[in-house]
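The sequence lines fix the lettering, A, B, ..., with proteins before strands; numbering per chain opens at 1. Note that the structure is a prediction, hence the values are computed from the model and not measured.
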Protein chains: 2
Amino acid sequence: MPPVETKPLRAGSAAKRSAILLAARDLFMTEGFERTSVDAVAAAAGVSKRTIYDYFGDKSTILLRVVESAAASLLASVTEAADEELGPVSEAPETLEASLIRFVARISDTTMGSDAYSSLRRLVSTEAAHLPVLRDQWDTREPETLLAEYFTTFERIGLLRLAKPLTAADHFGALTFRLLQDEADAPKARRHEIVADGVQAFLRAYRP
Amino acid sequence: MPPVETKPLRAGSAAKRSAILLAARDLFMTEGFERTSVDAVAAAAGVSKRTIYDYFGDKSTILLRVVESAAASLLASVTEAADEELGPVSEAPETLEASLIRFVARISDTTMGSDAYSSLRRLVSTEAAHLPVLRDQWDTREPETLLAEYFTTFERIGLLRLAKPLTAADHFGALTFRLLQDEADAPKARRHEIVADGVQAFLRAYRP
DNA sequence: GCTTAACTACACTGCACGGTGTAGTTTACT
DNA sequence: AGTAAACTACACCGTGCAGTGTAGTTAAGC
């Protein structure tokens, strides 16, 4: 459990804090939280274990901070990709498919890529039984809400027909990101095929 | 790792073996593999830890057997539901939607329900890094292949239009089971809505 | 240069736990 | 009843590891 507030923690150096969180994130994703020792995080971050305890107090708190940071990073990534790929979509229907494909590809190819997202999702799901606040941090629905807003705009200019924008956003995510995550190790051509198939199915389902 | 074959294992009693696997399955799903002790499995199964080691040799082997058993159970469940709900589908398009909804609901409401499937999937995903054979046992693609065969039949009688049957099966699973798993704790009415929305989107995407 | 906070490198503690051995008890079969 | 396999209940061992304390070193600020 997170430390009682009476335990003094140190703010310390931003660079070291960042190194710890990055190292922890990588190890938690590849090894799982339980199988990752704090010693291993310390070694990977290039700091002493004593420092980690001085900064975070205990192991669970490291996980909380990792997930907080990842959720914020994901939202920023989705927001940027949407603004740049979906924002300029014009009234010409033939550009929507290409924009949606680029939107998915862009997110999948960033630091917060498909396998990273999939691993983090799994981590939250596994550990939420013991740290329920993790789920709150992760399942904000902010990315889906943002996407639903764009879809609503597309409906207004006649490109989509929606009954429930948020459901459409969920379906879009299921047809693209989710299936992509299942084949995170696939070659680039296969991954492009998955995205294209998913976007096309979505458009057939939601075109006027 | 699984025990070297020189270690003598005992077949023992089918009832005790079953009790061990059931207890292990429940605990692995709720607590995770790493956080579940063999002592806890023994207590939940009502056998001695010595017996567990006599039957299985080590902890990883328990996990292998649990996943084997679960994958077989899932396939049986999907096969039965498909045979009974999709098998009798006639040429009248209006019955297809209802059949697909019943097919999903039936699987989701069985022992191998949405939350159990989701937990097992997560377990395999987490542990496969250390026991790669787990993934082989789980990702057989047999349920998807079976579903794709039914979809191919529906195409022949004019109910669907497919380019790639297996991709359509993936899309169907993504739009229904996957989204249902995300809201495993939702009330029954919400779960029914998720299934109906997903089936309808699928049909819009794949109807001729 | 001096002071102090930050940090490292170790050692240590207590506990959990995978796995093993063994003696006594129970069960099944002849 | 006798025999042997199956099982239980414990104790034990070695290892890993979360978390803590402490002395020495380093870095930053005045």
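To the nearest angstrom, C1' of C/dC15 lies 17 Å from CG of A/Asp58. If you take CG of B/Asp39 and P of D/dA9, they are 12 Å apart, rounded to a whole angstrom. One atom, CD of A/Glu34, and another, P of C/dG18, lie 11 Å apart when rounded to the nearest Å. Taking atom NZ on A/Lys59 and atom C1' on D/dC17, their separation rounds to 8 Å, with Å as the unit. As rounded to whole Å, 12 Å separates atom C1' of D/dA18 from atom CZ of A/Phe28. As rounded to whole Å, 10 Å separates atom P of C/dT8 from atom CG of A/Asp54. In this entry the distance linking CZ of B/Arg17 with P of D/dA6 reads 12 Å, nearest Å. Following rounding to the nearest Å, B/Arg35 (CZ) and D/dG16 (C1') show an atom-to-atom distance of 16 Å.
Residue pairs meeting the salt bridge (charged side-chain N to carboxylate O under 4.0 Å, His left out) criterion with at least one member in residues 164-174 of chain A, sequence neighbours excluded: A/Arg141-A/Asp170, A/Lys164-B/Glu193, A/Lys164-B/Asp197.
Partners of B/Glu149 according to the salt bridge (charged side-chain N to carboxylate O under 4.0 Å, His left out) rule, which considers only residues two or more places apart in sequence or in another chain, do not exist here. With sequence neighbours excluded, the residues that form a salt bridge (charged side-chain N to carboxylate O under 4.0 Å, His left out) with B/Glu85 are B/Arg102, B/Arg106. Partners of A/Lys16 according to the salt bridge (charged side-chain N to carboxylate O under 4.0 Å, His left out) rule, which considers only residues two or more places apart in sequence or in another chain, do not exist here. Not counting sequence neighbours, the partners of A/Asp39 by the salt bridge (charged side-chain N to carboxylate O under 4.0 Å, His left out) test are A/Lys49.
Remark: B/Tyr55 is in phosphate contact with D/dC7, judged by side-chain N or O atoms under 4.0 Å from OP1 or OP2.
For B/Glu155 and B/Arg161, the salt-bridge test fails: no basic side-chain N is under 4.0 Å from an acidic carboxylate O.
Checking D/dA6, C/dG18, D/dG19 against every side-chain atom of B/Arg10, the shortest atom distance belongs to D/dA6.
There is no side-chain donor-acceptor pair under 3.5 Å between A/Asp54 and A/Thr51.
Within 4.0 Å of B/Thr51, counting heavy atoms only, lies at least one base atom of the nucleic acid.
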Between protein and nucleotides 20-30 of chain C, map the contacts as a letter string: B base, S sugar-phosphate only, - none, heavy atoms under 4.0 Å, written 5' to 3'. BBB--------

